[in-house]
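What follows is a short report on a single structure.
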Amino acid sequence: MNPAMLSRTAFSAAGQALRPRRNPLLSSRFAALQKAFISSETRKAIDKAVGTAPVVLFMKGTPETPQCGFSRASIQILGLQGVNPQKFTAFNVLEDEELRQGIKEYSDWPTIPQLYVNNEFVGGTDIMMSMHQDGSLAKLLDEKDVLVEAEGSETSTPSP
Amino acid sequence: MASSQTLMEDIMRQKITQALSPTALEIFNDSHLHAHHKAMKDTTSQETHFRVFITSAAFGSKMQPARHRMVYTLLKDELAAQGGIHALQLRTRTPEEDEKAQAREAV
């Protein structure tokens with residue numbers, strides 16, 4: 001899209017906003033433009049968030065108190081897989097509306113939670129569950145070396 | 001036209017069938033399981049949470065995120081709309097994967 005076109009549209013939309021007759025924000029065309037552009041600061045902030053740890057989960061609530069069954073299930077799966085807490089960060093999208101909308105735009109994915117491993121998008125709860133069941137999640141996490149070190153002695157293997 | 005009680009489900013079924021020619025398509029409405037959640041407080045729709053199982057050859061040679069994105073793209077408007085789909089769980093398999101899964105379960 002020609003950037004000059006963008007600024008003209010934004011300018012005329014701003015002009016329209018001064019005329020209360022028809023709210024341009026309700027026009028679906030303008031809504032599409034608005035939705036299509038998370039600010040570059042938001043994008044940069046999410047870039048940074050995705051890189052804070054080898055395993056990053058964007059979720060609703062916190063790992064200790066998930067606010068959504070799907071987010072809770074994702075945390076449980078990562079726990080079962082033995083992800084090293086020191087290699088893991090979770091972001092609560094409920095705390096930040098800009099993040100909540102931005103991450104959907106950024107990942108081109110409409111739902112939360114979202115799992116990133118080494119800056120690569122892996123999927124949501126349903127994908128994590130099926131990968132958990134067919135063993136591909138264990139394989140991925142092992143390859144990326146994000147699991148808790150296996151205890152050397154026989155006495156300390158926790159059972160799930 | 002008779003009004004449907006399952007408008008959202010009908011739309012999903014129609015779009016998915018048209019785009020992916022699935023050999024199997026199951027849509028489960030789980031909304032009632034979540035209706036009491038705080039996030040659903042102001043919603044009147046009874047079609048907010050769905051589980052959809054799709055078997056289609058169109059998924060061949062694609063990894064799961066890509067397959068899911070195909071479906072999300074089809075349902076973009078429904079997902080974005082106020083009072084539209086709030087949660088969507090997908091299972092996307094090819095006919096071969098479906099057979100293998102059924103064989104495993106039969107054991």
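When reading the values below, keep in mind they use all heavy atoms of this one structure, side chains included, and skip hydrogens, waters and symmetry mates. Protein chains get the first letters and strands the later ones, always in sequence-line order, with residue 1 at the start of each.
Residues D108(A) and Y72(B) are not in side-chain contact: their nearest non-hydrogen atoms beyond the backbone lie 4.5 Å or more apart.
Contacts between K60(A) and chain B at a heavy-atom distance below 4.5 Å involve the side chain alone, from C-beta outward. Interface remark: T125(A) contributes no atoms to any contact with chain B (heavy atom separation under 4.5 Å).
A distance-only check finds a donor-acceptor pair linking the side chain of D126(A) to the backbone of L90(B) [under 3.5 Å].
Contact between R69(B) and S107(A) at its shortest, heavy atoms only, is NH2-O, 2.6 Å. Contact record, P65(B) with V122(A): CG-O, 3.2 Å, taken as the closest heavy-atom pair.
Once rounded to the nearest 0.5 Å, the distance linking NZ of K100(B) with CG of D134(A) reads 9.5 Å. Taking CZ of R93(B) as the start and OG of S130(A) as the end, the distance is 8.5 Å to the nearest 0.5 Å.
By the rule that hydrophobic residues join a cluster once side-chain heavy atoms approach within less than 4.5 Å of another member, V56(A) and F70(A) end up as members of separate clusters. F88(A) and M131(A) end up in the same hydrophobic cluster when Ile, Leu, Val, Met, Phe, Trp and Tyr side chains are linked at under 4.5 Å. Under a hydrophobic-cluster definition in which Ile, Leu, Val, Met, Phe, Trp and Tyr are linked whenever side-chain heavy atoms come within less than 4.5 Å, directly or via other members, V146(A) and I127(A) are assigned to the same cluster. I112(A) and M40(B) fall into different hydrophobic clusters, defined by Ile, Leu, Val, Met, Phe, Trp and Tyr side-chain heavy atoms under 4.5 Å apart, directly or through other members. Under a hydrophobic-cluster definition in which Ile, Leu, Val, Met, Phe, Trp and Tyr are linked whenever side-chain heavy atoms come within less than 4.5 Å, directly or via other members, I54(B) and I11(B) are assigned to different clusters.
Relative orientation of the H68(B) and W109(A) rings is parallel, given thresholds of 30° and 60° on the angle between their planes.
Within 6.0 Å of the CD atom in E97(A), the count of heavy atoms belonging to other residues, nucleotides or ligands exceeds 12. More than 12 heavy atoms of other residues, nucleotides or ligands shown are found within 6.0 angstrom of CD on Q101(A).
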